Amino acid sequence: MSFDPNLLHNNGHSGFANGTSGALRETGVIEKLLASYGFIQCTERQARLFFHCSQYSGNLQDLKVGDDVEFEVSSDRRTGKPIAVKLLKVKPEILPEERITGQVVCAAPLNLENKSGLKPSSPGQTSGSVCYERNGEVFYLTYTSEDVDGNVQLETGDKVSFSMETNKHTGAVNAHNIVLVKKKQGRCQGVVCAMKEAFGFIERGDLVKEIFFHYSEFKGNLDTLQPGDDVEFTIKERNGKEVATEVKLLPQGTVIFEDVSIEQFDGTVTKIIPKVSSKTQTDPLPGRIKVNFAISKELPFGDKDTRSKVTLLEGDHVRFNISTDRRDKLERATNIEILTDSFDVTEESRELDVLSAQRNHAIRIKKLPKGTVSFHTQSEQRYFGVVEKEAAGSISKSTSPAKSKEKDSEEGVIAYDEAGIKMTVPYHIKELEGCPIPQLGDKIEFSICEVKRTGLQSAVSIKILNRSPNTKRLVGYVAALKDNFGFIETSQHDQEIFFHYSEFSGDVDELEVGDAVEYNSSKGKGNKVSAEKVAKITTVNDPSDEVYPTVYTGKVLRPLRSVDPQQAEYQGLVEVTEEGSEKGEVYPFGIISLANKTDCLQKGETIKFQLCTVTQTGQKLAYNATTLRRGTVDCVKDQFGFINYEVGDGKKLFFRVNEVLDGVELQPGDEVEFSVILNQRTGKCSACNVFRVSEGQKLVAAPRPDRLVHRLKSITLDDASAPKLVVVRQPKGPDNTKGFTVERKIRQAGVID
């Protein structure tokens, strides 16, 4: 190709970039270079310009592809095309190279064709990628095998150092001058040593070091992971710190930290473990044992290395094994047992005792199984006697310590014969838990307990054989239980008597409504009657012995006073409503009359019942009363709901979902049967044993009101007040056209058009 430098519009001006020419100069990159001409890629605009080598000012041998040049733009007179003239090579500014530390994400294959003259085995993949973190964000860069320094094959996970380079042609940034810093570490093993709320720590099996892990990195059921489990994991660096990832459970016993010698050694304790750990104490193995090898040496030991759990003192002779840590080869004494000759030297003796505040100094304390130490001895022989003096006090758990101590200070006395000699022994109320309270003159059976320290004797395991004829113990039934007190229904079932929990001999938590009890009646302030020395009994004369078989249908005229505290009478009343000779008859009922003692009969409810005769008074009483209540479900929330049923002042009855039988999911409108119970503590009623009788009607969408239908029919397009639809944007198809140009067809499964 021939080129005449004079055929330019600048009339052969030969000025260069030294300020002698006033034309605008541009910069670019040598894209192609031949013997006499080449091409330049402009950096400031998308253009590719021809240039003749005669227009280059300098040694043509120094000009290479990729060099930055500065030039002016002119036009060829023959073709009119723009060309570059007056070329000048620009010296690049040398800046200090910034090295970045990152990690290989995808390894690039080794370019064997360029480095060894062979063809690559996988021609499809030629580049890889690395990542690095900056200000909390992760960035990815591509690289090729030519960007790796040295004949090194990088692998995914390798830690590398590199610099960034910008491609002048495409503007893309890639990694350059990649240097391998650290090869990817394989799977590590360790033992979980601590678990917190959302993370934990693993003691590594290769180093004496702990490593952090988050629960999201555990591959498996997290509920099965516990401290002490063997795991394997991969170590990665995040935020400049090493963390464990991809944590997996290993079979127990896989990870072994130390080797324990089979041979046992003897030694002497030279330093004991401090009783109270100090904040300055950093040594996990503070104890020392001197062992006489060919050269004497001291071995450390910790609190968990003693086998017999005996406190070691300086100078004790011990026998132990030597444990060697596989990680740092540290040796320590373990399985330490004290030798018996240590006690011969110190002349120590051992006693059984429990921890208490005393002045004697106890050493070498060893924990024994619970119940090993006893302060009392109880006779196996059973004695028979008579109560000469009643004990005063209470064993209720709700009484204060001060009051309990005051009452228990007065003990009772039992007289009995032993080998023809009259003996007496005291007893206390606290020994009568679960047993009725003995009264003066009662014949009882008991055992004798003796205190080892003082030799004092007392009666325990007391059982009443016969009541004294002069003892007036009354029988009743628990009618109501409140926070600190309750009420007892008398044996005549016509009134209730107050009692405080401090007067109950037994665990109040085991007392339920309807339980039979015996008690003493007394009058307190204001001449009010209350029950004292209340005890739960199991055998009483139940009115069910004289129950009539006929079942009547009736209506509750008056509930019990526990249901309606405003009424003066205790008893409830029920009227027979079914046809027959008994229709209209009214009978009383009490707490013993209910088949379900927790049921709460309301005024006006229909019930079925039988009749019985009270033995003491001959009065007929309603008995075995049951009711079937029906209502509709008003609403159901998450764990509770309400039934349309009037109880007291409320028109809706509360129930819990777990009270629904058969696990049925109730819906509003369902018809249900249920029982009503009264919470004795709060005085509120709720439903239990809820059974669905029938499903309610499904909700149907209500039709539009006539006024709305009439309004819509009367609207015309000319009506200015009518609602109008305004098109904001027309619909467009995938090809940016209005609507779909291709008609839709029904496609058959498995058939490709």
Side-chain angles (χ1 to χ4, degrees), residues 1-100 108 111 113-115 123 126-130 139-149 162-178 736:
M1 178 180 180
S2 62
F3 175 76
D4 187 0
N6 295 320
L7 298 178
L8 298 173
H9 285 299
N10 60 357
N11 297 323
H13 195 284
S14 59
F16 293 97
N18 54 6
T20 60
S21 174
L24 183 62
R25 297 184 66 81
E26 296 185 21
T27 57
V29 180
I30 301 296
E31 185 183 50
K32 187 175 183 181
L33 184 61
L34 299 178
S36 60
Y37 66 94
F39 291 91
I40 299 174
Q41 178 69 42
C42 297
T43 57
E44 299 175 359
R45 57 193 176 96
Q46 292 291 336
R48 187 170 181 265
L49 300 179
F50 169 88
F51 75 93
H52 195 271
C53 291
S54 61
Q55 292 295 316
Y56 176 66
S57 175
N59 186 2
L60 193 61
Q61 300 298 326
D62 296 335
L63 193 62
K64 297 179 181 179
V65 175
D67 288 347
D68 294 334
V69 293
E70 187 181 35
F71 57 90
E72 291 181 9
V73 179
S74 182
S75 59
D76 191 342
R77 288 185 178 181
R78 291 182 296 182
T79 62
K81 294 181 179 180
I83 60 175
V85 297
K86 303 176 184 178
L87 276 70
L88 181 64
K89 187 175 180 180
V90 178
K91 294 182 179 180
E93 183 180 1
I94 301 175
L95 298 174
E97 188 180 52
E98 180 186 3
R99 301 295 294 178
I100 300 173
N111 195 340
E113 184 178 7
N114 293 343
K115 297 190 177 183
T126 59
S127 64
S129 61
V130 296
F139 300 90
Y140 295 85
L141 299 175
T142 59
Y143 78 96
T144 62
S145 58
E146 297 177 355
D147 295 319
V148 182
D149 291 351
F162 57 89
S163 59
M164 290 192 294
E165 182 184 47
T166 304
N167 191 313
K168 298 176 181 178
H169 302 285
T170 62
V173 181
N174 61 337
H176 186 61
N177 296 337
I178 302 176
N736 233 2

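In this chain, numbering begins with 1 at the start of the sequence shown. As the structure is a prediction and not an experimental result, all values here were calculated from the model.
Between atom CD1 of residue Ile83 and atom NE2 of residue His52 there is a gap of 10.0 Å, rounded to the nearest 0.5 Å. Rounding to the nearest 0.5 Å gives a distance of 11.0 Å between CG of Asp147 and CZ of Phe162. Rounding to the nearest 0.5 Å places CZ of Arg99 at 11.5 Å from CE of Met164. Atom SG of Cys53 and atom CG of Leu34 lie 8.0 Å apart (nearest 0.5 Å).
Sorted pairs that involve residues 34-43 and meet salt bridge (Lys or Arg N to Asp or Glu O under 4.0 Å), not counting sequence neighbours, are lacking altogether. Listed by first then second residue, pairs satisfying salt bridge (Lys or Arg N to Asp or Glu O under 4.0 Å) with a partner in residues 35-44 number zero, not counting sequence neighbours.
Between Leu60 and Ala35, the closest heavy-atom pair is CD2-O, 4.4 Å. The shortest heavy-atom contact between Lys32 and Phe51 is O-CE2, 4.2 Å. Ala84 approaches Ile40 most closely through the heavy-atom pair CB-CD1, 3.9 Å. When every heavy atom of Gly80 is checked against every heavy atom of Ser75, the shortest pair comes out as O-CB, 4.1 Å. Considering all non-hydrogen atoms of both residues, Asp68 and Val29 come closest at OD1-CG2, 3.4 Å. Here the shortest heavy-atom pairing between Ser127 and Ala108 reads C-CB, 3.6 Å.
Listed by chain and number, the residues in a side chain to side chain donor-acceptor pair (under 3.5 Å) with Thr142 amount to none (sequence neighbours excluded). Evaluation of the ring pair (Phe, Tyr, Trp, His ring centres under 6.0 Å) rule for Phe39 yields Phe50 as partners, not counting sequence neighbours. Val73 pairs by the side-chain contact (heavy atoms from CB on, under 4.5 Å) definition with Glu26, Arg45, Leu49, Phe71, Pro82, not counting sequence neighbours. Evaluation of the side chain to side chain donor-acceptor pair (under 3.5 Å) rule for Asn174 yields no partner, not counting sequence neighbours.
Put simply, the side chain of Thr43 gets close to the backbone of Thr27: a donor and an acceptor are under 3.5 Å apart.
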Discussion item. Could you walk me through whether Arg25 and Leu88 satisfy the side-chain contact (heavy atoms from CB on, under 4.5 Å) test, starting with their C-alpha distance in whole Å, then the side-chain angles of each, then the deciding distance to 0.1 Å, before giving a yes or no?
Written reply: CA-CA 10 Å; Arg25 297 184 66 81; Leu88 181 64; 4.1 Å; yes

Worksheet item: Step by step, would you call Val69 with Ile30 a side-chain contact (heavy atoms from CB on, under 4.5 Å)?
Response: CA-CA 7 Å; Val69 293; Ile30 301 296; 3.8 Å; yes

Practice prompt. May I have the step-by-step check of side-chain contact (heavy atoms from CB on, under 4.5 Å) for Glu72 and Gln55, ending in yes or no?
Written response: CA-CA 10 Å; Glu72 291 181 9; Gln55 292 295 316; over 6 Å; no

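Only one option out of Val65, Asp67, Asn59 pairs with Leu63 in a side-chain contact (heavy atoms from CB on, under 4.5 Å); it is Asp67.
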